[in-house]
Peer 1: 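Below is a structure I'd like to ask you about.
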Amino acid sequence: MSTDVRPSAPPVLTKPKPKPKPNSGAPAAEAPAVPPREGARAARRRSRLPRLLLAGLGKTVAIAALLAVWEAAPRLNLVDPTFLPPFSQVVDAWFGLLDSGQLATNTQASLTRSLSGFGLAVALGVPLGLLIGWYRPVANLLSPVLELFRNTAALALLPVFVLILGIGETSKISIVLYACIWPVLLNTISAVRTVDPTLLRLARSLNLSPFRLFQKVILPASVPTVFTGIRLAGAVSILVLVAAEMVGAKAGLGYLINASQFNFAIPQMYAGIVTISVIGVLFNQLLVALERRFTAWRAPVGV
């Protein structure tokens, strides 16, 4: 009689099921899911915030250091206070001009002339640059004339504008228009001609019409370079206008600076210069904000 001893199978362990929680009423509402794109944007904004704060702090420290040097140098007799007064005296002169109404009147006159010439330059330069850059026959026709005039300095033609158009507003707006149109025009032409050839080949492979190709490929790819020209024109519009207002003008920041120099009101002269600088910085920041708005599709560059 044989006994067959077989090993018994190992017991199967089963995980006990969790007991259901007692129902306390209506089921709890689930938190709405955040879309991945919105979450990525929020994360990028949070990561950029410390860098923006650090950059803003660095710029503020640099400006504060410059103003401190300006205040201390005349008081320590490092420079002649007669020709470079302390910054506090310039601020007092600035508020004096503001209280008397001279600053507002002259600033309004300068901004009206500058913005009028700048706006006309953008309105004429961008379409003409797109036309010249896209259509080769138009470029061949106008290139000799453009090469002739773009190498002629605007201030060199100021006496010609005054002789032909007089000393009124027309000559000043015209000289600003002439000076501003070249950065806009040349950068627009360059933007159209330097579009990535790969984009053009891909667009042509889709059998796009010339108009659709221009609308969907050329224009979006040209926007960053066009805005570079517009920003350059914005700076030129203020610089050229100030020089033009020093000749035959009865109002404007250039007139204020020139008149203060002749009257030896040096703090007022520097107050006018500081006003022009602040206006230039604000105008440039406005154009930078517009550029970011129209080029939001670009990938950020840098670390």
Side-chain angles (χ1 to χ4, degrees), residues 54-115 117-118 153-159 161-162 167 169 171-172 175-176 179-180 183 231-288:
L54 185 61
L57 180 61
K59 294 177 182 179
T60 303
V61 170
I63 294 175
L66 175 63
L67 297 181
V69 172
W70 186 354
E71 179 71 22
R75 297 189 181 280
L76 298 176
N77 291 323
L78 300 177
V79 294
D80 192 345
T82 304
F83 302 109
L84 183 63
F87 180 70
S88 57
Q89 294 184 14
V90 175
V91 173
D92 292 339
W94 190 89
F95 280 106
L97 292 172
L98 183 63
D99 292 337
S100 64
Q102 297 182 50
L103 186 64
T105 301
N106 291 296
T107 301
Q108 180 181 1
S110 292
L111 287 178
T112 302
R113 297 162 182 162
S114 178
L115 294 178
F118 172 78
L155 294 179
L157 295 176
L158 179 59
F161 281 93
V162 172
I167 61 174
E169 300 298 313
S171 62
K172 295 175 179 58
I175 195 68
V176 173
C180 291
R231 289 176 59 189
L232 291 174
V236 170
S237 67
I238 298 175
L239 298 177
V240 172
L241 177 64
V242 170
E245 286 177 342
M246 292 182 177
V247 180
K250 296 182 179 179
L253 293 174
Y255 166 78
L256 174 65
I257 294 172
N258 205 30
S260 299
Q261 179 192 8
F262 281 125
N263 296 327
F264 212 72
I266 304 301
Q268 294 183 3
M269 181 188 74
Y270 281 104
I273 295 173
V274 170
T275 303
I276 292 173
S277 301
V278 172
I279 291 175
V281 171
L282 294 178
F283 193 28
N284 181 70
Q285 292 302 313
L286 175 61
L287 294 177
V288 169

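Residue numbers start at 1 and run along the sequence shown. Just so it is clear, the values below take in all heavy atoms, side chains as well, and ignore hydrogens, waters and symmetry mates.
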Peer 1: Measuring from Ser110:OG to Ile276:CD1, what's the distance to the nearest 0.5 Å?
Peer 2: 6.5 Å
Peer 1: For Glu169 and Arg113, indicate whether the former's side chain and the latter's backbone hold a donor-acceptor pair under 3.5 Å.
Peer 2: no
Peer 1: Show me the side-chain donor-acceptor pairs of residues 235-243 shorter than 3.5 Å, one per line, residues at least two apart or across chains.
Peer 2:
from   : atom 1 : to     : atom 2 : distance (Å)
Ser237 : OG     : Ser114 : OG     : 3.2
Ser237 : OG     : Gly234 : O      : 2.7

Peer 1: Looking at every non-hydrogen atom in both residues, tell me the closest pair between Thr105 and Gly101 and how far apart they are.
Peer 2: OG1-O, 2.9 Å
Peer 1: How many angstroms lie between atom NZ of Lys172 and atom CD of Glu245, to the nearest 0.5 angstrom?
Peer 2: 7.5 Å
Peer 1: How many angstroms lie between atom CE of Met246 and atom CG of Leu256, to the nearest 0.5 angstrom?
Peer 2: 9.5 Å
Peer 1: Mind checking side chain to side chain donor-acceptor pair (under 3.5 Å) for Thr275 and listing every partner two or more places apart, or none if nothing turns up?
Peer 2: Trp94
Peer 1: Work out which heavy atom in Cys180 is nearest to a heavy atom in Ala233; give both atom names and the distance.
Peer 2: SG-O, 3.3 Å
Peer 1: Under the 3.5 angstrom rule, does the side chain of Gln102 hit a backbone N or O of Leu97 as a donor-acceptor pair?
Peer 2: no
Peer 1: If you compare all heavy atoms of Pro85 against all heavy atoms of Gln89, which two are closest, and at what distance to 0.1 Å?
Peer 2: CB-OE1, 3.5 Å
Peer 1: Between atom CD1 of Ile63 and atom OG1 of Thr60, what is the distance when rounded to the nearest 0.5 Å?
Peer 2: 6.5 Å
Peer 1: Is atom OH of Tyr255 surrounded by more than 12 heavy atoms (other residues, nucleotides or ligands) closer than 6.0 Å?
Peer 2: no
Peer 1: Just verifying a value: how many Å separate Asn258 CG and Leu253 CG, rounded to the nearest 0.5 Å?
Peer 2: 12.5 Å
Peer 1: Just jot down the side chain to side chain contact (heavy atoms under 4.5 Å, CB included) partners of Thr82, sequence neighbours excluded, or say none.
Peer 2: Asp80, Phe264
Peer 1: Work out which heavy atom in Ala244 is nearest to a heavy atom in Ile175; give both atom names and the distance.
Peer 2: CB-CG2, 4.0 Å
Peer 1: How many angstroms lie between atom CD1 of Ile266 and atom CG of Leu84, to the nearest 0.5 angstrom?
Peer 2: 10.0 Å
Peer 1: Say whether, by atom type as modelled, one donor and one acceptor occur between the side chain of Trp70 and the main chain of Ala65 under 3.5 angstrom.
Peer 2: no
